[in-house]
Every structure is written in structure tokens, then in C-alpha cells.
Amino acid sequence: MILGIGTDLANIERIERTLERFGDRFRNRVFTETEQRKAERRKDVAGTYAKRWAAKEACSKALGTGLRMGIAWKDMAVTNLPTGQPVMQVTGWAADRLKEMTPEGYEAVIHVTLTDDHPWAQAFVVIEARKLS
């Protein structure tokens, strides 16, 4: 069963200007160390950050809250499986919200997909509830 769906479109050039203007202050407020390491070793640094920004926005929408009600940017983090597939991990308030919205007898699975076509980065998040066996 689908618990939530969220999408977001981010402008890569806007993220690039924000990185230039605020640097580490922006990076450290919004992105985990793992996300920063990933972005900083990529050719398209701003595009990588923009996709993760969009994923966090999309996840917050799928959680039904947007970025309010206590969710912090770092409560949602994009990592990658060895295959390269992006996955969303939630902690803190986001994890609490996910648990609250998951029916008893089910586990929540967060699906995330990312894409970019300069100057746009897009993310789509679906939160699924799977019946426990």
C-alpha cells in the first residue's frame, strides 16, 4: 500500500549560487557528511547537491509534513547501494513520523529516484507499506 508520494524540482544553478555564497554553512546545515563526501568527489558537485536537496523536499512531502513540524534537513539522507541505486534513510523526527504513519503489521519502505537535466534536478519519493510475513 502507498503511504505517501512526494516530488520536487530543484534548480541546479540556484544550488550552485547558494554553495558559492554560504559554502560550508549551507552544506553542514542541509547535508550529512556522507552526502557531502559523495557530492564533493563528483564532477557535477552542484548537480549532485541539487538532486539530494530535491530528494529531501520530496521525502518531506511524502511524509505529509513538508519541511515543518520538526523535520530537520539531516533527518533525511540519500545514500547509494553498491549498484548505484539511491536510497533514502530517515532518522530523528522523520523516522518518528514514518513510524507513526506505518500501520501495525507493516514495514515502511522508501523508494527514491533522482534525475537531472541541467539546469534542473528532480526527485520522486514513494513510501510503501509492506505487510510483514
**Q** With rounding to the nearest 0.5 Å, note down the distance linking SG in Cys59 to CG in Asp8.
**A**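 Going from the SG atom of Cys59 to the CG atom of Asp8 covers 11.5 Å.
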**Q** Quick one: closest heavy-atom pair of Ala39 and Thr48, and the distance?
**A**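 Heavy atoms of Ala39 and Thr48 come nearest at CA-CG2, 3.6 Å.
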**Q** Measuring only between side-chain heavy atoms, which start at C-beta, is Met88 closer than 4.5 Å to Val90?
**A**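 The answer is yes; the side chains approach within 4.5 Å.
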**Q** Kindly determine whether Asn11 and Glu16 satisfy side chain to side chain donor-acceptor pair (under 3.5 Å), including the steps that lead there.
**A** CA-CA 9 Å; Asn11 185 289; Glu16 187 171 38; over 6 Å; no
**Q** Among pairs that include at least one residue of residues 38-49, which meet salt bridge (charged side-chain N to carboxylate O under 4.0 Å, His left out), considering only residues two or more places apart or in two chains?
**A**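 Matches after skipping sequence neighbours: Arg27-Glu40.
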**Q** CZ/Arg17 to CD1/Ile15 distance, rounded to the nearest 0.5 angstrom?
**A**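 Result: 9.5 Å between the selected atoms.
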**Q** Which residues pass the side chain to side chain contact (heavy atoms under 4.5 Å, CB included) test with Asp96, not counting sequence neighbours?
**A**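 Partners of Asp96 by the side chain to side chain contact (heavy atoms under 4.5 Å, CB included) criterion come out as none, since no residue qualifies.
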**Q** Which residues pass the side chain to side chain contact (heavy atoms under 4.5 Å, CB included) test with Thr91, sequence neighbours left out?
**A**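 With sequence neighbours excluded, Thr91 shows a side chain to side chain contact (heavy atoms under 4.5 Å, CB included) to Asp75, given in chain and number order.
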**Q** Checking one residue: Leu81. Which other hydrophobic residues are in its cluster under the side-chain 4.5 Å linking rule?
**A**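 Noted: Leu81 shares its cluster with Val87.
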**Q** Who are the side chain to side chain contact (heavy atoms under 4.5 Å, CB included) partners of Gln89, not counting sequence neighbours?
**A**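 Partners of Gln89 by the side chain to side chain contact (heavy atoms under 4.5 Å, CB included) criterion, ordered by chain and then number, come out as Thr79.
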**Q** For residues 114-126, run the donor-acceptor check on the side chains, cut-off 3.5 Å, and write out each pair with its distance to 0.1 Å, sequence neighbours left out.
**A**
residue, atom, partner, partner atom, Å
Asp116, OD1, Lys51, NZ, 3.2
His118, NE2, Glu13, OE2, 3.1

**Q** So how far is it from Met76 CE to Glu35 CD, rounded to the nearest 0.5 Å?
**A**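 It is 9.5 Å, given to the nearest 0.5 Å.
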**Q** Among all residues two or more places apart in sequence or in another chain, which pass the side chain to side chain contact (heavy atoms under 4.5 Å, CB included) test with Phe22?
**A**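 Counting only residues at least two positions away or on another chain, Phe22 forms a side chain to side chain contact (heavy atoms under 4.5 Å, CB included) with Thr18, Arg25, Phe26.
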**Q** List the atom of Ala50, the atom of Ala10, and the distance in Å for their closest heavy-atom pair.
**A**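 Closest approach of Ala50 to Ala10, heavy atoms only: O-CB, 3.8 Å.
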**Q** Is there a side-chain contact between Phe31 and Lys56 in this structure, where contact means two heavy atoms from C-beta onward sitting under 4.5 Å apart?
**A**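 They are in contact (side-chain heavy atoms under 4.5 Å apart), so the answer is yes.
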**Q** Do Leu63 and Met1 land in one hydrophobic cluster if side-chain heavy atoms of ILVMFWY residues count as linked below 4.5 Å?
**A**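 Hydrophobic grouping puts Leu63 with Met1.
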**Q** Could you pull out every donor-acceptor pair under 3.5 Å between side chains of residues 99-112 and any protein atom, sequence neighbours left out?
**A**
residue, atom, partner, partner atom, Å
Glu100, OE2, Arg97, NH1, 2.8
Thr102, OG1, Leu98, O, 2.6
His111, NE2, Glu128, OE1, 2.7

**Q** Under the rule for side-chain hydrogen bond (donor to acceptor under 3.5 Å, both in side chains), what residues qualify as partners of Thr34, not counting sequence neighbours?
**A**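 Checked Thr34 against side-chain hydrogen bond (donor to acceptor under 3.5 Å, both in side chains); matches are Arg37.
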**Q** Side chain to side chain contact (heavy atoms under 4.5 Å, CB included) between Tyr49 and Ile12: does it pass, once the steps are laid out?
**A** CA-CA 8 Å; Tyr49 278 122; Ile12 296 168; over 6 Å; no
